[in-house]
A.B. asks: 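Sharing a structure with you now.
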Amino acid sequence: RQRRRLCSAYQARGTTRTARMLGTHMQRLGAKSREDPAILGLTVLSMLERLWYVWKHTHAPFNEDEVVASLTATLQKLLR
């Protein structure tokens with residue numbers, strides 16, 4: 001149990017660090033978000049992960065070009 005908790009703690013710190021970096025870069029690129037950059041980054045990472053999971057694992061009827069175009073448009077809107 002102790003080992004499992006330590007692994008989870010390390011994973012959470014790594015995810016938070018990555019999310020903060022992503023959120024910080026997005027704010028520098030123009031995201032109007034005023035919240036903690038880690039929250040913005042975690043929101044975007046979660047959206048990306050869920051999109052990929054649902055698209056790939058449910059065999060959603062969209063081709064890669066459609067998914068990339070939609071994702072690109074969504075991220076561009078966040079940066080305006």
Side-chain angles (χ1 to χ4, degrees):
R1 286 185 181 199
Q2 180 68 20
R3 186 175 189 181
R4 214 178 277 172
R5 275 188 246 144
L6 283 175
C7 288
S8 293
Y10 288 127
Q11 186 176 17
R13 273 188 266 161
T15 300
T16 302
R17 188 176 316 122
T18 301
R20 185 175 306 285
M21 288 188 324
L22 176 59
T24 299
H25 288 298
M26 290 188 69
Q27 287 175 337
R28 287 181 186 157
L29 289 170
K32 303 291 187 237
S33 174
R34 299 280 186 234
E35 72 256 7
D36 184 326
I39 295 171
L40 174 60
L42 188 58
T43 300
V44 172
L45 286 174
S46 298
M47 178 185 66
L48 292 170
E49 287 179 0
R50 188 66 183 163
L51 170 66
W52 182 87
Y53 177 83
V54 170
W55 177 47
K56 289 294 187 177
H57 290 288
T58 66
H59 306 290
F62 312 113
N63 67 43
E64 185 174 345
D65 290 337
E66 291 173 312
V67 171
V68 169
S70 178
L71 180 58
T72 301
T74 300
L75 291 173
Q76 285 175 336
K77 288 175 187 172
L78 285 172
L79 296 175
R80 289 186 187 153

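Just so you know, these numbers come straight off a predicted model, no measurement behind them.
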A.B. asks: Which pair of non-hydrogen atoms, one from Trp55 and one from Phe62, has the smallest distance, and what is that distance?
C.D. replies: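 That closest heavy-atom pairing would be NE1-O, 2.8 Å.
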
A.B. asks: State, to 0.1 Å, how close Ser33 and Leu40 come at their nearest heavy-atom pair, and which atoms those are.
C.D. replies: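 The answer is CB-CD2, 3.9 Å.
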
A.B. asks: Are Ile39 and Leu79 connected into the same hydrophobic cluster when the rule is that any two of I, L, V, M, F, W, Y join if their side-chain heavy atoms are below 4.5 Å apart?
C.D. replies: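 Hydrophobic grouping puts Leu79 apart from Ile39.
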
A.B. asks: Ignoring hydrogens, what is the shortest heavy-atom contact between Ala19 and Ala38? Give both atom names and the distance.
C.D. replies: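 Closest heavy-atom pair between Ala19 and Ala38: CB-O, 3.5 Å.
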
A.B. asks: Any side-chain heavy atom of His25 sitting closer than 4.5 Å to one from Arg28?
C.D. replies: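 In short, these two side chains touch, coming nearer than 4.5 Å.
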
A.B. asks: Let me confirm one number: the CG-OG1 distance from Asp65 to Thr72, rounded to the nearest 0.5 Å.
C.D. replies: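 Output value for this atom pair is 10.5 Å.
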
A.B. asks: Could you check if a side-chain atom of Leu75 sits within less than 4.5 angstrom of a side-chain atom of Met47, using non-hydrogen atoms only?
C.D. replies: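 Counting from C-beta outward, Leu75 and Met47 do come under 4.5 Å.
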
A.B. asks: Examine Met21 and Leu48 and state if one hydrophobic cluster contains both, with Ile, Leu, Val, Met, Phe, Trp and Tyr joined whenever side-chain heavy atoms are less than 4.5 Å apart.
C.D. replies: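 No, Met21 does not connect to Leu48 through the hydrophobic network.
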
A.B. asks: Taking all non-hydrogen atoms of both residues into account, name the closest pair between Glu35 and Gln27 and its distance.
C.D. replies: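 Heavy atoms of Glu35 and Gln27 come nearest at O-NE2, 3.2 Å.
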
A.B. asks: Under 3.5 Å, is there a donor-acceptor pair between the side chain of Ser46 and the main chain of Leu42?
C.D. replies: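 It does hold such a pair.
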
